[in-house]
Amino acid sequence: MISIHRIKLGYVNSYLIKENSNYILVDTGMLKSHKKIINFLRKLSIEPKNIKLIVITHGHIDHIGSVKEMKEITGAEVLMHETEANMVEKGNTPEAVLTNKLLKMIFPSIKREIAPFSVEIKVSNELSLSDYGFDAKIIHTPGHTDGSISLIFKQKHAFIGDIVMKFPLLSGKSYFPIVANEKEKIYESWKKLIDEGVEWLYPSHGKIFSIKEIEREMKKKKIVTRD
Ligand SMILES: [Zn+2]
Ligand SMILES: [Zn+2]
């Protein structure tokens with residue numbers, strides 16, 4: 001049995017997943033979001049030290065803003081894709097490339113420097129989390145950034161970062177992220193999630209929704225991906 005909590009941190013979500021008595025925290029929101037996360041833990045009487053892993057879906061500033069503080073408070077290990085782990089360890093973040101032509105003209109690239117932090121677990125393609133006591137795995141789902149990953153729990157619940165967006169301001173109605181450094185890989189990553197047999201998507205922006213919604217979207221747009 002697992003239990004899942006969505007922690008709303010302004011326009012971005014963080015998730016807390018419990019399996020047995022241990023927790024995984026997915027993403028940490030923006031700078032200074034740790035206060036909100038700690039309040040959330042306190043309300044539910046969750047011991048910070050029971051958070052064993054902090055999984056970072058990708059290195060954009062609204063997801064890694066409070067890693068340092070959450071790491072100190074919990075003592076948890078941080079997991080990221082190796083490409084972006086190597087960036088944040090040097091204080092860099094991946095580029096945010098806008099997909100909207102007009103916006104792209106206004107903001108050709110958004111890149112932020114951060115206070116570096118170390119990443120203990122670096123994933124390249126896929127990693128089972130059974131050694132950490134969780135019936136879960138990490139898969140590589142690039143497109144939004146090179147090092148975007150998804151966390152899949154019990155082969156059913158996928159925490160997907162920004163690879164699918166259902167958040168009016170950021171994606172319109174198309175589920176397609178407003179930021180993507182490799183547009184063509186977005187649909188390939190959606191297909192990967194579908195092929196994994198996932199049922200529910202937990203995005204970093206907006207509400208939880210059924211994977212059937214993106215299956216329908218791909219059919220509607222007649223999208224065929226390479227295998
Ligand atoms: Zn992002
Ligand atoms: Zn984001």
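Each ligand, and each atom within it, is numbered from 1 in the order the structure gives.
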Listed by chain and number, what are the side chain to side chain donor-acceptor pair (under 3.5 Å) partners of N13, not counting sequence neighbours? R6, Y15
Applying side chain to side chain donor-acceptor pair (under 3.5 Å), name anything that partners K154, two or more places apart in sequence or on another chain. E19
Considering only heavy atoms from C-beta outward, does the side chain of I4 approach that of F153 to under 4.5 Å? no
Could you list all the ring pair (Phe, Tyr, Trp, His ring centres under 6.0 Å) pairs where at least one residue sits in residues 65-96, not counting sequence neighbours? H81-H140
What protein atoms of element N, O or S are positioned under 2.8 Å from the Zn ion (ligand 1)? H58 NE2, H60 ND1, H144 NE2, D162 OD2
Starting from the Zn ion (ligand 2), look over the N/O/S atoms of H205 and name the nearest one. NE2
Report the residue from D27, I17, L79 that forms a side chain to side chain contact (heavy atoms under 4.5 Å, CB included) with V55. L79
Please verify the inter-ring angle class for Y175 with F209; under 30° counts as parallel, over 60° as perpendicular, anything in between as tilted. tilted
